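For ligands, and for the atoms within them, numbers begin at 1 and follow the listed sequence. Quick caveat: nothing in here was measured; it's all calculated off a predicted structure.
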Amino acid sequence: MVRCIFHIDLDAFFVSAEQALNPKLRGKPVIVGGDPERRGVVASASYEARSFGIHAGMPLSKAHRLCPQAIFIQANFSRYREASHKFMEILADFSPCIEPLGLDEAYLDVTGYEKPYGSPWKLALATKERIYKELKFTASIGIATCKVVAKIASDLCKPDGLLEITPGEEHHFLNPLPVAKLPGVGKKTEQVLKEMGIATIGELASLPLDTVKKRFGKFGIVIHGYANGIDGRKVEAPGESKSISKQTTFARDTLAHHFLEASLHHLCEQVSAELRYRDKRARCVTLKLRYADFKTITRQVTLKEASNVGRIIFTAALQLLNKALAQKEKPIRLIGIKISNLSGKERQLYMFNAETEKLGHLDKAIQQIRRRYGSTAIKKGKDILI
Ligand code: DCP
Ligand code: CA
């Protein structure tokens, strides 16, 4: 069955939240990130500020140099979390099949739900109107038959945009775009493709699958599919997925053990926090490493007892990492962790273990502090290494 998927992304989210509170900020160069006198980076810039070349991640001092008249505002995370919650609630009124991605983005599978509105386009307009009416946020929506095309479409129509790629139009839409528009294609992949004479998505799409597979392994199959508008990933609420994965690609390939270890620790913290949020425990821990030549390996271990404790997951993952590093001394470009075989939180009593319980309480306490005061409010030893 042909699906109808929306990718919805709020425009300049943190800035919009501030503008909703103080309408005088509308239409002006506004930057959320803090005081330009202090160290720090731009978290969100209004489109007016972007016309001065300012973007997320830029040091505030540079943003100030580029646009001294910009209004700088310190981030207020609890306000953004509340706005995000309302945003997701509005979306859930349009389809129950919703997959939030961060605070201000979501996929919505609206297959069949467009009928009462007459068309996907009209349903998307109604969604945008409702978001604006209730939150005073503009959103951009990409409509397509799969996630990857919907995401690229919403990205291209920002801000306050709506772009529908009708079934059969995927190639026509994707072909002229640069390969970097494909999710997962970063600077390094872009460079390798360039060396192969490939600059556009269309050029990648028309390469034989074998060529891409030989160069990039499994990752090649994925991006070749994406380039052809093929993406079978379902829109899945986080609670429904059978695993949780997090990965990070390094700015530079690395073999520095302490850095790999610290990155892995951070990823394990993230997946265990998500487990606790979902009230789940995991038994399988899988480590993923992608080497500089794009060869990717995965190594898996089964825990004695299902767990949601960051330290336990990290200990298992670290053993896998150390074993892999001992086998192959090749620079690494990406490290990832996947936990699977998820179960509800109930445990068998004979497996009760005081140490595990203590670590669980510690993780929970840290999570509560982070939720209240932000993710940087408290750091464990390993986090500080990153
Ligand atoms: N964010 C951040 N630091 C970054 C990038 C983003 O703190 N380096 C935060 C602030 C953003 C929010 O996440 O408002 C959403 O990120 P987006 O990448 O969607 O950026 P915006 O919503 O600000 O802009 P737009 O989606 O219109 O490009
Ligand atoms: Ca956004």
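- Side-chain contact between Glu134 and Lys86 is absent, with no heavy atoms from C-beta onward closer than 4.5 Å.
- Side-chain polar atoms of Thr138 and Asp11 form a donor-acceptor pair below 3.5 angstrom.
- For residue Asp104, an N/O/S atom approaches the Ca ion (ligand 2) to within less than 3.0 Å.
- Heavy atoms from other residues, nucleotides or ligands lying under 6.0 Å from NE2 of His172 number 12 at most.
- Protein residues lining ligand 1, listed by chain and number: Asp9, Leu10, Asp11, Ala12, Phe13, Phe14, Ala43, Ser44, Tyr47, Arg50, Ala56, Asp104, Lys158 [non-hydrogen atoms, distance under 4.0 Å].
- The Ca ion (ligand 2) has an N, O or S atom of Asp9 closer than 3.0 Å.
- In summary, no N, O or S atom of Phe13 is located under 3.0 Å from the Ca ion (ligand 2).
- Within the structure, salt bridge (charged side-chain N to carboxylate O under 4.0 Å, His left out) contacts touching residues 328-343 (residues at least two apart or in different chains) are Asp293-Lys330.
- Phe94 and Tyr117 have tilted rings, their planes meeting at an angle from 30° to 60° on a 0 to 90° scale.
- Side chain of Ser44 to main chain of Val32: no donor-acceptor pair is present (N/O by atom type, distance under 3.5 Å, no hydrogens or angles).
- A distance below 6.0 Å separates the ring centres of Phe259 and Phe250.
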